[in-house]
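For reference, the structure discussed in these notes is given below.
Sequence positions, counted from 1, serve as the residue numbers for this chain.
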Amino acid sequence: MTQIPEETPTHASAADIRGVLGALDDEKLLAILALAPTLAEIEDASLWLSGDRDIFGPGRPLGERAGQIVAVLAADEEDESR
C-alpha cells in the first residue's frame, strides 16, 4: 500500500502577506517575512486584528506565530498612544 506524504505548509510570500494584510511598509513586511509564517497564520492574525475573534471558538488562543504578527502590526499603534 502506497503511503501519501502529508502536505507540509509552505511559508507565505510577500505577495501573500500583502494580499491578506494590505499595504504594509517595508519594515513591517520584512519583520513578518522573518517569522516565516504560513498563509493560515497570516489569515489568523488578520482575523484577530479585525476584531473577529469569535472565529477561533471558545478557549482557542491565537497561535504563537500569528500572535507575533499581531505584535508587529500593532507596534505603531502602541507608540502612537503614548
Give the table of side-chain donor-acceptor pairs shorter than 3.5 Å for residues 65-74, with sequence neighbours excluded, one pair per line with atom names and distance.
from	atom 1	to	atom 2	distance (Å)
R65	NE	L35	O	3.3
R65	NH1	A36	O	3.0
R65	NH1	E41	OE1	3.4

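For the pair I42/D16, no side-chain contact is recorded, criterion being any heavy-atom separation below 4.5 Å from C-beta on.
In this structure, I17 CD1 and S46 OG are separated by 12.0 Å, a value rounded to the nearest 0.5 Å.
For A14, the side-chain contact (heavy atoms from CB on, under 4.5 Å) partners are L29, L33, not counting sequence neighbours. When the side-chain hydrogen bond (donor to acceptor under 3.5 Å, both in side chains) test is applied to D26, the partners found at least two apart in sequence or on another chain are R18.
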